[in-house]
Asks: 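Have a look at the structure that comes next, please.
Chain A is the first sequence line, chain B the second, and so forth, proteins listed ahead of strands; every chain is numbered from 1.
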Amino acid sequence: MTKTIVVTSGKGGVGKTTTSASIATGLAKRGFKTVVIDFDVGLRNLDLVMGCERRVVYDLVNLVNQEASLHQTLIKDKRIENLYILPASQTRDKDALTIEGIARVMHKLKKSDFDYIICDSPAGIEKGAKMALYFADEAIVTTNPEVSSVRDSDRILGILQSESKRSKMNEEPVKEHLLITRYNPTRVKDGQMLSVDDIVDLLAIPLLGIIPESPSVLDCSNAGKPVILDEESEAGQAYSDAIDRLLGEAKPHRFMEAPKKGFLARLFG
Amino acid sequence: MGIFSFFKTGKEDQSARVAKDRLQVLIAHERTGRNGPDYLPMLKQDILDVIKKYVAVGDDALSVQLESQDNCDVLELNITLPEADDSADDDGEPSESARRRAMERRQEASAS
Ligand SMILES: Nc1ncnc2c1ncn2[C@@H]1O[C@H](COP(=O)(O)OP(=O)(O)OP(=O)(O)O)[C@@H](O)[C@H]1O
Ligand SMILES: [Mg+2]
């Protein structure tokens with residue numbers, strides 16, 4: 001059975017593409033046949049984060065318009081077995097996508113025995129974001145500890161509950177996961193940033209993970225490597241934990257505590 | 001944290017607290033708007049207009065919350081009335097409302 005997971009947020013720049021890349025890579029590493037689709041038509045970026053930008057020939061719009069086959073469009077990852085990337089178009093706009101067209105693509109992917117389809121949503125709550133979440137079985141709602149991101153996440157939850165295919169067909173609702181990204185425990189401790197508890201309280205959906213603010217995310221995207229492959233980094237480990245939870249394993253949350261500073265560091269830090 | 005903030009308790013600028021409080025109100029409000037029946041905004045406006053006939057309140061005086069319980073929906077209205085001002089103003093004159101109430105009291109007394 002293929003599972004379709006949308007990575008969404010409403011607000012832009014919160015870490016959807018970073019998350020899509022790492023979640024897809026993590027699932028493939030565990031042996032699941034996985035494809036990650038860039039729905040950000042016109043603003044393609046997933047290819048860069050995945051490091052396959054020079055191998056893009058056809059894109060999602062070509063596939064939707066039946067100008068290229070699935071086989072021609074999918075890019076096979078060079079590092080990880082079972083991992084494929086479906087890039088967005090850089091020259092078209094979001095109107096190039098239709099629900100019927102996406103439905104055909106989803107059907108083809110299911111027939112090709114994919115275990116997971118990860119959909120990297122564009123920002124906003126307009127057509128592009130609605131298209132990305134329409135076929136979702138599960139949603140990873142990516143949220144930063146910051147007022148406008150939390151508010152937008154709540155709006156996206158409303159859209160998942162009323163405009164997804166599952167809601168329209170009166171099927172079991174989309175399974176929701178909260179992923180808090182760019183978390184800075186020191187600022188939380190100082191009372192400057194919403195805490196995990198605050199956000200869970202406000203959004204009231206189960207917590208999939210906490211990804212700390214980490215310089216390795218930038219290093220990795222510079223190199224075109226999903227941060228989950230950097231097993232030394234906190235962000236990489238946090239994404240790996242999130243995969244375990246996604247697969248049903250109960251794991252305690254890490255990276256919530258501020259590092260303890262020594263006396264001198266506190267005095268002069 | 002530098003030398004000057006070393007002795008602070010860290011409780012001085014809890015802006016996250018403010019953020020959470022604001023979000024709590026806002027999210028509840030927006031959820032009502034999207035889950036509630038279509039007539040809810042109009043109902044709210046009508047109720048507000050009725051209140052305004054009697055009390056001078058602003059548009060934010062009324063909050064409407066629709067909660068679904070086991071087998072019924074509960075519509076919760078919260079109306080914030082301005083503080084009754086009985087004290088004399090700075091100018092030493094009684095306020096308009098105090099004057100009116102006193103007049104009504106006297107009329108009742110003389111009628112009985
Ligand atoms: N945990 C993190 N620590 C540090 N930086 C991060 C983290 N997560 C994301 N970033 C940075 O934040 C920026 C935005 O990330 P990303 O592109 O993944 O967001 P997005 O939600 O996909 O944005 P858009 O809405 O534009 O598609 C990038 O520069 C990325 O490197
Ligand atoms: Mg993105």
Asks: Once rounded to the nearest 0.5 Å, what's the spacing between atom CG of Leu23(B) and atom CD of Glu146(A)?
Replies: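 Spacing of CG (Leu23(B)) from CD (Glu146(A)) equals 9.0 Å.
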Asks: At their closest point, which heavy atom of Arg31(B) faces which heavy atom of Leu202(A), and how far apart are they?
Replies: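 Taking every non-hydrogen atom into account, NH2-O, 2.8 Å.
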Asks: Checking heavy atoms, do the side chain of Leu26(B), its backbone, both or neither come under 4.5 Å from chain A?
Replies: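 Contact with chain A is through the side chain of Leu26(B) alone.
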Asks: For Arg22(B), does the CZ atom sit with more than 12 other heavy atoms under 6.0 Å from it, leaving out its own atoms?
Replies: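 Check fails, neighbour count at 12 or below.
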Asks: Can you tell me how far the CG atom of Leu194(A) sits from the NZ atom of Lys20(B), to the nearest 0.5 Å?
Replies: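 Going from the CG atom of Leu194(A) to the NZ atom of Lys20(B) covers 8.5 Å.
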Asks: Measuring heavy-atom distances to chain A, does Glu30(B) have an atom under 4.5 Å in its side chain, in its backbone, in both, or in neither?
Replies: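 Contact with chain A involves the side chain of Glu30(B) alone.
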Asks: Just wondering, are more than 12 heavy atoms of other shown residues or ligands nearer than 6.0 Å to NZ in Lys165(A)?
Replies: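 No.
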Asks: Select one option (side chain, backbone, both, neither) describing which atoms of Arg155(A) are under 4.5 Å from chain B's heavy atoms.
Replies: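 Both parts, backbone and side chain.
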Asks: For atom CD of Glu249(A), is the number of surrounding heavy atoms from other residues, nucleotides or ligands below 6.0 Å larger than 12?
Replies: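 Atom CD in Glu249(A) is crowded, with more than 12 foreign heavy atoms closer than 6.0 Å.
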